[in-house]
Undergrad: 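Supplied in structure tokens, the structure appears directly below.
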Amino acid sequence: MAVRELELPAHPAGADATPAPRGAFAKLLHRLTYPFRRGVRPAQQPPTGFYTDTTVCIGCKACEVACKQWNQLPADGFTFTGNSYDNTGALTGDTWRHVKFIEQFTTPEPVATTPQRFPLEVVTAPVSQPPFDFGRWLMMSDVCKHCAAAPCQQACPTGSIVYTEFANVYIQPDICNGCAYCVAACPFGVITRSHFDGHSHKCTLCYDRQRDGLVPACAKACPTASIQFGPVSELREQAQHRVEQLKAKGVPAYLYGAEATETYTELHSFYLLTDRPEVYGLPADPVNPWLHMRGDYLRSALAGLVGLVALLLAFLLGG
């Protein structure tokens, strides 16, 4: 992959693009017919995604910076949120990577309000100390889950949300009308609308970099390899091996989203966690809203029918 990155600067600009038409008439014809032409569908590639190992995340936020730098997203500022060392707060239309800081420390004993007297005798016998309770920080770099069957893609009325040839969920902002149906459909709270243009935005899994054979910016910048990128099938095997290693050491590790459940499909961006999903701000049992659509349509139809019957009866009996 590094060799490919070194090759790109020498790659001639526009070498992969369609040659421009020559002549005034050819250019005019091209401008008139180009909006109605169908592009060539890219060849399907093996599904790619992220595997995030939260046990080695150090909270450096290098992934956040790399994501913003590559995608030229506006900064979030340095406002103190009061939530640990987190200044971004959550995933937004301008923040596509968010490192969560989950502090797990024991609550200190309250300070005594009345003065206490202590004896001045020298302690001759060793005093038994209570076992020290080690606190911990759980850190997780959160991102779009790139679901195998994404509710946001199913809810989009304009066809703005599509799947790329790498099986990643991609939003075309120029087609998005800002209806926010995708915002309501996502059970993970990933998608939001940007206050700059009113369109929905989220992680693209660096589609432009993947097209050139490069690793996404966040995974490239991660210093501890907490964010790993590659074919999903290979990442699952690698993650399962890591879980077995941690369990052998007594760490209660497990994979979140690596396999499909009864209510949701597998995620192409899955996580290795050591605590309950709710601790990390993830739903324990995500549900695809489309599973209930058939019942919703039936109930709506029955409610409309009952209302129509009631209206007819009121009209007939009222004379």
Side-chain angles (χ1 to χ4, degrees), residues 47 49-59 61 63-64 67 81 83-93 95-104 136-155 161 167-169 182-192 200-205 216 218-219 222 224 226-229 232 235-236 238-240 242-243 246-247 251-292:
F50 290 125
Y51 153 52
T52 304
D53 186 351
T54 62
T55 61
V56 294
C57 178
I58 59 175
K61 288 183 175 283
C63 53
E64 284 191 17
C67 178
T81 62
N83 184 15
S84 187
Y85 291 95
D86 183 13
N87 70 304
T88 50
L91 292 172
T92 66
T95 301
W96 302 350
R97 268 279 178 188
H98 171 229
V99 179
K100 296 181 179 179
F101 291 79
I102 300 99
E103 296 183 1
Q104 293 184 334
R136 64 175 180 176
W137 256 331
L138 300 178
M139 300 175 182
M140 184 188 78
S141 181
D142 197 14
V143 73
C144 173
K145 313 307 180 287
H146 293 280
C147 314
C152 60
Q153 190 269 340
Q154 296 169 339
I161 305 179
N168 307 146
V169 183
C182 55
V183 178
C186 178
F188 302 100
V190 169
I191 307 178
T192 60
S200 296
H201 297 275
K202 69 169 192 65
C203 164
T204 64
L205 224 158
C218 56
C222 182
T224 61
S226 172
I227 304 172
Q228 302 186 28
F229 166 80
V232 177
L235 293 178
R236 287 174 183 158
Q238 184 177 351
Q240 190 59 44
R242 172 65 174 166
V243 168
L246 292 174
K247 286 186 175 180
V251 180
Y254 67 97
L255 297 180
Y256 178 87
E259 297 181 357
T261 63
E262 294 182 358
T263 57
Y264 212 79
T265 60
E266 66 273 10
L267 309 179
H268 288 172
S269 176
F270 57 94
Y271 302 85
L272 186 150
L273 307 178
T274 58
D275 208 326
R276 295 175 295 108
E278 299 90 338
V279 174
Y280 296 88
L282 298 171
D285 297 307
V287 178
N288 191 325
W290 284 84
L291 295 177
H292 306 294

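All values below were derived from every heavy atom in this structure, side-chain atoms included, with hydrogens, water molecules and symmetry-related copies excluded. Because the structure is predicted, anything quoted here is derived from the model rather than measured.
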Undergrad: Got a sec: does the CD of Glu278 have more than 12 other heavy atoms crowding it under 6.0 Å?
TA: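 Counting neighbours around CD of Glu278, more than 12 heavy atoms of other residues, nucleotides or ligands fall under 6.0 Å, so yes.
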Undergrad: For the residue pair Tyr271 / Asp142, report whether a side-chain donor-acceptor contact shorter than 3.5 Å exists.
TA: yes
Undergrad: For residues Tyr264 and Val287, report the shortest heavy-atom separation together with the two atoms involved.
TA: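 Scanning both residues completely, I find the closest heavy atoms to be CD1-C, 3.8 Å.
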Undergrad: Just how far is it from atom CG of Asp86 to atom CD1 of Ile102, taken to the nearest 0.5 Å?
TA: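 Rounded to the nearest 0.5 Å, the CG-CD1 separation comes out at 9.5 Å.
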Undergrad: Are side-chain heavy atoms of Ser141 and Arg97 found at a separation under 4.5 Å?
TA: yes
Undergrad: Once you round to the nearest 0.5 Å, how far does CD1 of Ile161 lie from CD of Gln154?
TA: 10.5 Å
Undergrad: Answer whether the closest heavy-atom distance between the side chains of Cys203 and His146 falls below 4.5 Å.
TA: yes
Undergrad: Just by modelled atom types, is the Pro286 backbone N or O under 3.5 Å from a matching donor or acceptor in the Thr263 side chain?
TA: yes
Undergrad: Measure the spacing between SG of Cys57 and CZ of Phe101 and express it to the nearest 0.5 Å.
TA: 7.5 Å
Undergrad: Would you name the heavy atoms of Ala258 and Arg236 that are closest together and state the gap between them?
TA: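 Minimum heavy-atom separation between Ala258 and Arg236: O-NE, 3.2 Å.
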Undergrad: Within the structure provided, determine whether Leu91 and Lys202 are in side-chain contact (heavy-atom separation under 4.5 Å).
TA: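 The answer is no; the side chains never approach within 4.5 Å.
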Undergrad: With a cut-off of 6.0 Å (strictly less than), are more than 12 heavy atoms of other residues, nucleotides or ligands near CD of Glu103?
TA: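 Above 12, so yes.
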Undergrad: Looking at every non-hydrogen atom in both residues, tell me the closest pair between Leu246 and Leu272 and how far apart they are.
TA: CD1-CD2, 3.7 Å
Undergrad: Would you name the heavy atoms of Arg136 and Gln104 that are closest together and state the gap between them?
TA: NE-OE1, 2.6 Å
Undergrad: Testing the basics here: between Gly59 and Met139, what is the closest heavy-atom pair and its distance to 0.1 Å?
TA: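 The pair with the smallest heavy-atom distance is N-SD, 3.2 Å.
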Undergrad: Are side-chain heavy atoms of Tyr256 and Thr52 found at a separation under 4.5 Å?
TA: no
Undergrad: CG of Leu255 to CG of Leu267: how many Å apart, nearest 0.5 Å?
TA: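 The CG atom of Leu267 is 11.0 Å from CG of Leu255, to the nearest 0.5 Å.
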Undergrad: Within this structure, what is the NZ-CG distance for the pair Lys100 and Leu138, rounded to the nearest 0.5 Å?
TA: 11.5 Å
Undergrad: Got a second to check how far Cys218's SG is from Ile227's CD1, nearest 0.5 Å?
TA: 4.5 Å
Undergrad: Evaluate the ring planes of His201 and Trp96, with Trp represented by its six-membered ring, and classify them as parallel (under 30°), tilted (30 to 60°) or perpendicular (over 60°).
TA: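 If you compare the ring of His201 with that of Trp96, the planes turn out parallel.
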Undergrad: Side chains of Val169 and Cys152: does their closest heavy-atom pair fall under 4.5 Å?
TA: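 Yes, their side chains come closer than 4.5 Å.
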Undergrad: Side-chain contact test, heavy atoms from C-beta onward, threshold under 4.5 Å: evaluate it for Leu205 versus His268 and give yes or no.
TA: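 Result no, sub-4.5 Å side-chain heavy-atom pair not found.
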Undergrad: Taking the side chain as every heavy atom from C-beta outward, state whether Phe188 and Pro151 have any pair of such atoms under 4.5 Å apart.
TA: no
Undergrad: For a quick test of reading the model, state the closest non-hydrogen atom pair linking Lys61 to Val99 and the distance between them.
TA: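 The pair with the smallest heavy-atom distance is NZ-O, 3.6 Å.
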Undergrad: Between Tyr51 (side chain only) and Ser226 (backbone N and O only), is there a donor and an acceptor less than 3.5 Å apart?
TA: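 Not a single qualifying donor-acceptor pair exists.
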Undergrad: Between Thr204 and Asn168, is any pair of side-chain heavy atoms under 4.5 Å apart?
TA: no
